[in-house]
Every structure is written in structure tokens, then in C-alpha cells.
Visitor: 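One structure, as C-alpha cells, below. Some questions next.
Here is how names work: the chains are called A, B, and so on, in the same order as the sequence lines, proteins then strands, and each is numbered from 1.
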Protein chains: 2
Amino acid sequence: MQSSKNKVSCETCTISQLCIPSALSENEVTRLDGIINRGAPIHKGKFLNQAGDEFKHLYAVSTGSFKSYTLSEDGIINITGFYFPGELIGLNAISTGIHKTFVKALETSAVCALPYDQMDELSGDLPSLRKQLMRIMSKEIVEEQELHILLSRKNAAERMAAFLLSLSLRFKKRGFSATTFNLTMTRGDIGNYLGLAIETVSRLFSQFQKNEIITVSDKLIEIVDLPALLKLAGAACDEHI
Amino acid sequence: MQSSKNKVSCETCTISQLCIPSALSENEVTRLDGIINRGAPIHKGKFLNQAGDEFKHLYAVSTGSFKSYTLSEDGIINITGFYFPGELIGLNAISTGIHKTFVKALETSAVCALPYDQMDELSGDLPSLRKQLMRIMSKEIVEEQELHILLSRKNAAERMAAFLLSLSLRFKKRGFSATTFNLTMTRGDIGNYLGLAIETVSRLFSQFQKNEIITVSDKLIEIVDLPALLKLAGAACDEHI
DNA sequence: CGATAGCTTGAGTCTTATCAACGTATGTGG
DNA sequence: CCACATACGTTGATAAGACTCAAGCTATCG
């Protein structure tokens, strides 16, 4: 999918501390740099990969954002995740070697492509890289399990609160404001992801705004009352404190 | 948690084709055998590990079954999974090195303990083992995503149907009947896992039985009309055909 | 300027949770 | 061995939360 083969450097990347290199030594990062390619920009609405594609690369989001979704035979879309800079796309395709999800850019974005075979080989040599990959996959499992709990036990307002807090925390870690940010996904995307009707998402935004927990202006969200949002989501979000 | 250090052999294990060894050569399995210990039997209701425990081993279920769950500050239990022979327990603890879930035996069970540090080291030497571990973790991610879709888009009957089919398939792969099996978990466990009230689970069992899709006798389930169950769950269960 | 996609709000309905009562099985101590 | 406690399961009645349907609004883009 990436058309150019420009070499990039994790060493000079502003988000490397959120990505794979965070656990590697300088020398190890240099070796990782050796196999990474930066792809051409991907414009809003374009695909990073599609279901059925052969799995060749993991992608580390460099800038922008993506959504991933499955498409069932009867045309039903199921959004499985959103991806921001520093996050890895494609871990779910390792098991079969075939992508099962579509990954679409939510805005003009760019990724670093990591050829999986070379990553695997390198991880045989570099224990830190190997451990880091295992940690990242494990973390993905933990996050999916947290989502499982969210969906099986929480009501609509609690889900929305947890979703907004998740975004807030991710932006904060990337050096952006934790309280003011733009949603790159639609209300429909959010509802699909959280198992809610689009109307419910819209009503919750209105309700949260009425209750002075957030302000909403189209895509722009400002968290006004973080404690209230934390309380709504349940106390499982200690990282915010 | 395991008290004895009896060496076991994957080579002679009846479920090795479902477990880690399935992708390894004879020689590689021998090296894997070198680090695996079989623990003492764990009786029903006893813990394999508890939240807060340090993560030292992955556990491969040998016989029996387990449930894993989180316990929130306010005492709410959230069941995150069920484990059957050949399945690996503990992948979610790799990321932090601390167990976040309780793992409790649903019946008298046994596990093989795989010291994670030694597994990691060995996987540096053995590309097949390394790839297999990555595949297993990736598969876990896929399964959690499928659960995400189940919980966000399916109604109560569809969830129950998918759950029963999942059990059926897992028993079938283990050489047991795909149509007649015992539930080792309670109705409450199932409801908690699927995001349904226990009364709803009970009603669905009754309804499925009335519609001659299954027969229920306490813990014993027989699938009478597999096509109907597949249709209910949505066609995503092709492996059953 | 019109078409389209995305969003908001209201009204009515339906699914599923909750509350309640009762039934069943198992195990314990007197 | 029986009485009792406890955990688990079933079924009915009711209520609430979220979905669906419907209508209209806003922004964007060709």
C-alpha cells in the first residue's frame, strides 16, 4: 500500500516514546530503522488495507487517525477500533496472514510500514524488541477485555464517558490537550463502536453539554468537568489523575 | 501456584495439536518440554492466580476448565473468559507483569506451567516457537474483537446462540461431542460474560428448548437443531459446517 | 445552488433489566 | 438422618433504557 520506500528514523520521531522504540537501546533503534519505510500520505477515506489483503506489514501510525472495521456478508459494518499516532495496526492479522478488517483514514494520515517477516527475524536477535512486541500485543488484549467489560456491563452514558476519557488520555500522551480535541470520527462511527444507535450518541452529547460536563461544537469537544466524566465512567480511569 | 515440578512431555500429550507444540518440530518440542512443569490438580473453586499476583508463568490448560474475571473496587465481578484444554491463560498479564484477573477452576483441573522468561528466551532461539506465540496472541485479539462485535450489535438470543456454538466448536476440536456437552459454568457466569441478566439466560435456554433447537437438563446441553442455531447466531460460524 | 452526508430532536415501541416469588440441589451441623 | 442454610435456577409482572421511525437542520462539495 505504501508507494515510496523512503527511509525514516525512529530516533528523530516525536512519538517514538509511544511506539515500538520506547523499550529499545540506541543501537537497537538503529537496526529497527533499517527495516522501516514511510509510506505516502493516505488521504481521508482511503484504505490502508482492505479485508482479504495479504498481511505483509504492521503499520505504526505516524500522523492522523484511522478506523478499522469488518464488513459482514449482509453488508453490516462493525467498527473494531480507532488508531492514533504511535499505535500499531495489523496485530490481528498475524494469526492468519490475511487481513480481516478494512482500515480507513479518518483524515489525511501517514504510517510507517514494518515488514513483518523482517520484524520477526530481527526480534530473534533483539530480546528487547521481542519483549516489546509481546507487551504491545498483550496490552491490546487487555484493552479489548476492558472494552468487553464496558459493553457487557455499562449503560449508554457510561460507555460514552469512558470513550471520551479514552480519547482524552490518548491525546494527552501525545502532547495534545487532554480537555479540548477534535473528533475525527463521525457520531455514527462512535455509536457503531460502542454498540449504540447514532441518535443515542447525539442525545448523550446534548445531555452531557446540558449538564455542563462537556461542550460540543460540531466535531470539537471540550471536557469541562473531568471529575464528573470520570465518575460517570466508573473509577477505572486513574491514569487521568 | 504449581507445587510439584514433575516434568511432562508435550510429545505424548493428547491435546498438543491444539496447544503451542502444533507448529513445532520434534526437536523443538523436546526443548519446549525442558521448561514445562505440570502443576498439582486444582480443585473446583480454587484459584490458578489472583489479581495482584506477579506474572511468572503462562498456563496451558491440560484438563478441566477455568473462568477468568476482574473484580472492581465496588465488588462488581466481570467475567472476561472461559478456558478449556489446550488454551493459554495469562497472555493479558505480559504487558504489566502483574495479573489483573482472577482465574478460578470451574471443575477439578490441571495446567502445564510455562515459565515466561524461559519461554521468551527459547523463542529467541526457535523461530517457530516465536511465530507460534505471536499467532496465538494475534488469535486472542481476533477473538476479543469478535466478542466486541457480538456485544455491540447482537441481541440476547443471538449472543446465546453464538456462545453455545463457540463451546460446541471448542469441544469438537478437543475430540468431544459437538452436540452434547456439560456446561461447567453457571447461568450467572454466562450472563455476566455475555452482558445479559441471569434471568434472560434462563429464559433463553427455555425458549431454545421450546423451539426444539436444544435440550437442556440442568448443566447438560444437547444441540438438536444446529442449522437453526447457526442461523440465529448469524452465518459467521462456517467452521461448523 | 442543489445534492449529499452528517447531525439533532421528538414520539412511540420493544427488548431486556429489575423485582419478586418459588423451586431444586447440595452440603452441614445438630 | 433430618432440618436448615446456601447457591443456583426458573418463571411471571413491571418498568426503564435504548432503538426505531420520522422530520427537519447544518455543513460541505461539486
Visitor: Distance check needed: dT16(C) P versus Asn155(A) CG, whole Å only.
Guide: 16 Å
Visitor: Report the relative orientation of the aromatic rings in Phe102(B) and Phe47(B); use parallel for angles under 30°, tilted for 30 to 60°, perpendicular for over 60°.
Guide: tilted
Visitor: Check DNA chain C against residues 198-218 of chain B and give the residues with a non-hydrogen atom under 4.0 Å, in numerical order.
Guide: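 Going residue by residue through residues 198-218 of chain B, the ones with a heavy atom under 4.0 Å of DNA chain C turn out to be Glu199(B), Thr200(B), Arg203(B).
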Visitor: Of the options dC8(D), dC19(D), dT18(C), whose atoms approach the side-chain atoms of Lys219(B) most closely?
Guide: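 When the side chain of Lys219(B) is considered, dC8(D) is the closest of dC8(D), dC19(D), dT18(C).
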Visitor: In whole angstroms, how far is the P atom of dG9(D) from the CD1 atom of Ile190(B)?
Guide: 8 Å
Visitor: Would you classify Gly195(B) as touching base, sugar-phosphate or nothing, given that sugar-phosphate means primed atoms plus P, OP1 and OP2, and contacts are heavy atoms under 4.0 Å?
Guide: sugar-phosphate
Visitor: Can you tell me the distance, in whole Å, between the CD1 atom of Ile77(A) and the C1' atom of dG6(C)?
Guide: 15 Å
Visitor: Write down the distance between CZ (Arg187(A)) and P (dT26(D)), rounded to a whole number of angstrom.
Guide: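 Rounded to whole Å, this separation is 15 Å.
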Visitor: Is any side-chain N of the basic residue among Glu199(A) and Arg187(A) closer than 4.0 Å to the acidic one's carboxylate O?
Guide: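 No, no charged N to carboxylate O under 4.0 Å.
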Visitor: Starting at atom CG of Leu183(B), determine the distance to atom P of dA25(C), rounded to an integer number of angstrom.
Guide: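 Rounding to the nearest Å, CG of Leu183(B) and P of dA25(C) are 17 Å apart.
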Visitor: Starting at NE2 of His43(A) and ending at P of dC29(D), how long is that distance when rounded to a whole Å?
Guide: 14 Å
Visitor: Is the distance between the ring centroids of Tyr83(A) and Tyr59(A) under 6.0 Å?
Guide: no
Visitor: Whole Å only: how far is the NZ atom of Lys104(B) from the C1' atom of dA7(D)?
Guide: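 These atoms are roughly 12 Å apart.
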Visitor: Any side-chain donor-acceptor pair under 3.5 Å between Ser65(B) and Thr184(B)?
Guide: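 There is such a pair (donor and acceptor under 3.5 Å, judged by atom type) between the side chains of Ser65(B) and Thr184(B).
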Visitor: For Arg159(B) and dA17(C), give me the distance from atom CZ to atom C1', rounded to whole Å.
Guide: 12 Å
Visitor: Under a 3.5 Å threshold, yes or no: a donor from one side chain and an acceptor from the other, between Ser68(A) and Thr80(A)?
Guide: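 Result is yes, a qualifying pair exists.
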Visitor: What is the bend of the helix from dC1(C)-dG30(D) to dG30(C)-dC1(D) when you compare the axis at one end with the axis at the other, using five pairs each and rounding to 10°?
Guide: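 The end axes of the helix from dC1(C)-dG30(D) to dG30(C)-dC1(D) are about 30° apart, to the nearest 10°.
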Visitor: Can you classify the ring geometry of His148(A) versus Tyr193(B) as parallel (below 30°), tilted (30 to 60°) or perpendicular (above 60°)?
Guide: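 Perpendicular, since the angle between the ring planes exceeds 60°.
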Visitor: Do Phe66(B) and Phe82(B) make the cut of ring centroids closer than 6.0 angstrom?
Guide: no
Visitor: To check you understand the geometry: which heavy-atom pair defines the closest contact between Met137(B) and Leu91(B), and what is its length?
Guide: CE-O, 3.9 Å
Visitor: side-chain hydrogen bond (donor to acceptor under 3.5 Å, both in side chains) with Asp74(B): which residues, sequence neighbours excluded?
Guide: Ser72(B)
